[in-house]
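Below is one structure; the comments refer to it alone.
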Amino acid sequence: MNKILDARGWACPKPVIETRKALQTDKLLTVIVDNKPARENVSRLATKMNCKFSIDEKNDGIYIHIDCEGSEPIQETIQEEYITCETGKNIVLVVATDTVGKGSDELGGILMRAFMHTFLEVKPSPKTIIFMNNGVKLAIKGSPVLEDLQELSNRGIEILVCGTCTNYFGITDSVAVGIISNAYNIAEAMLNADKVVNL
Amino acid sequence: MIKKNSDYGIVLFETTQSAIKAEKVLIQAEIKIKMIPVPRHISANCGVSIRFDLSIADKIKSILDESNVQYSAIRSLM
């Protein structure tokens, strides 16, 4: 029987901090939360700690079953990056090219790689990243930014890859991160955004 | 296993051209590297640097020296 941590009703960031504490003594833990930021924070913590987890959304709360058996214990104190207490603005990042700006493609490629890495480290995070036209080439196997995109995806950022575009380039089977999407979903994501940032 | 900043080293450059050249020769040598912006705690200047596993710092240095790539420093990411 898993130990249960009932984190319903707790203000952020208490659920994630108490989960962290509880995992120091119990490798198997079920955390019950009642809001999305808490769910994301606890899931992110489990991922960071190399623990397996599964989520059950029930009527009385969100049950996160964490299994840290076999994972290395992490002694570091909790980092700020685990703690997102506001869902924040809905920022959508549109990447319609694999190079940033015009001029030199070589330089533009470096800027793109540097930017994708930087999005992991700065706040606020976009809620969705949309890849279109040449931008879809960033989301395929062998892409120099694939690792960064996978990490962004692990953190709960939605990645939409334009299916028409991957089809045009004949790389649909090589897409390695995100969801292959269509004009409807992409247009909706753009129009529902508080802010659209074009790269 | 999660990597920490202390597991990485970075190469800093005077010019972006040197960074591009360094990336090419290191990729040719099949070294696993990553081009990242120069971290804020190291310099406020705009620039790119090359991140690598600190354990292969000597190898990085010798490859760059052999290929005559100019760099301003090789140091820990910490």
Side-chain angles (χ1 to χ4, degrees), chain A residues 20 23 43-53 66 68-82 98-101 103-123 138 141-152 154-155 199, chain B residues 1-56 60 63-64 67 69-78:
Chain A
R20 172 90 183 78
L23 286 172
S43 310
R44 201 175 298 153
L45 174 72
T47 307
K48 285 275 172 187
M49 292 178 72
N50 285 341
C51 299
K52 285 177 247 158
F53 69 95
I66 304 174
C68 290
E69 269 172 2
S71 73
E72 287 179 40
I74 292 173
Q75 302 303 332
E76 285 169 58
T77 51
I78 191 154
Q79 286 175 16
E80 194 198 353
E81 64 180 290
Y82 304 140
D98 58 352
T99 61
V100 175
S104 157
D105 281 351
E106 186 175 50
L107 176 61
I110 288 174
L111 295 178
M112 181 61 83
R113 278 177 276 155
F115 262 116
M116 287 300 160
H117 179 76
T118 310
F119 286 129
L120 289 169
E121 302 195 348
V122 294
K123 283 197 172 5
L138 297 169
K141 254 181 273 169
S143 151
V145 299
L146 188 58
E147 222 174 284
D148 293 325
L149 296 183
Q150 276 161 344
E151 176 60 25
L152 288 165
N154 287 342
R155 292 186 190 181
L199 203 61
Chain B
M1 160 117 180
I2 297 168
K3 292 225 174 198
K4 299 185 290 288
N5 274 358
S6 54
D7 297 329
Y8 290 115
I10 56 167
V11 192
L12 302 169
F13 302 92
E14 292 286 341
T15 68
T16 307
Q17 279 80 1
S18 302
I20 293 171
K21 194 173 168 198
E23 188 193 31
K24 275 186 192 150
V25 300
L26 291 170
I27 287 175
Q28 254 166 30
E30 295 182 351
I31 306 277
K32 194 170 183 290
I33 50 152
K34 185 168 185 190
M35 204 167 246
I36 65 167
V38 177
R40 275 177 181 155
H41 67 269
I42 293 177
S43 166
N45 290 337
C46 177
V48 284
S49 55
I50 287 179
R51 191 186 74 176
F52 57 90
D53 276 354
L54 203 52
S55 58
I56 55 164
I60 299 270
I63 292 171
L64 295 181
S67 314
V69 178
Q70 300 209 320
Y71 53 87
S72 50
I74 294 182
R75 53 164 283 175
S76 149
L77 184 49
M78 285 290 273

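Being a predicted model, the structure only gives us computed values, none of them experimental. Every chain is numbered from 1 and lettered A, B, ... according to where its sequence line falls, protein lines coming before strand lines. Note: hydrogens, waters and symmetry copies are ignored here, and every other heavy atom, side chains too, is used.
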Next item on the list: Check each atom of B:Gln17 against the heavy atoms of chain A and say whether the ones under 4.5 Å are side chain, backbone, both or neither.
Entry: neither
Item checked: Heavy-atom check, side chain of A:His117 versus side chain of B:Arg51, under 4.5 Å -> yes
Checklist line | Distance in Å, A:Ile110 CD1 paired with B:Ile36 CD1, rounded so as to fall on 0.5 Å steps | finding: 13.5 Å
Checklist line | A:Glu147, part contacting chain B, at a heavy-atom distance under 4.5 Å | finding: side chain
Notebook entry, point to check: For atom CZ of A:Phe53, is the number of surrounding heavy atoms from other residues, nucleotides or ligands below 6.0 Å larger than 12?
Noted result: yes
Check: Going by heavy atoms in the side chains, are A:Asp148 and B:Lys34 under 4.5 Å from each other?
Finding: yes
Note to self: Using a 6.0 Å cut-off, check whether atom CD of A:Glu121 has over 12 heavy atoms from anything other than its own residue.
What the structure shows: yes
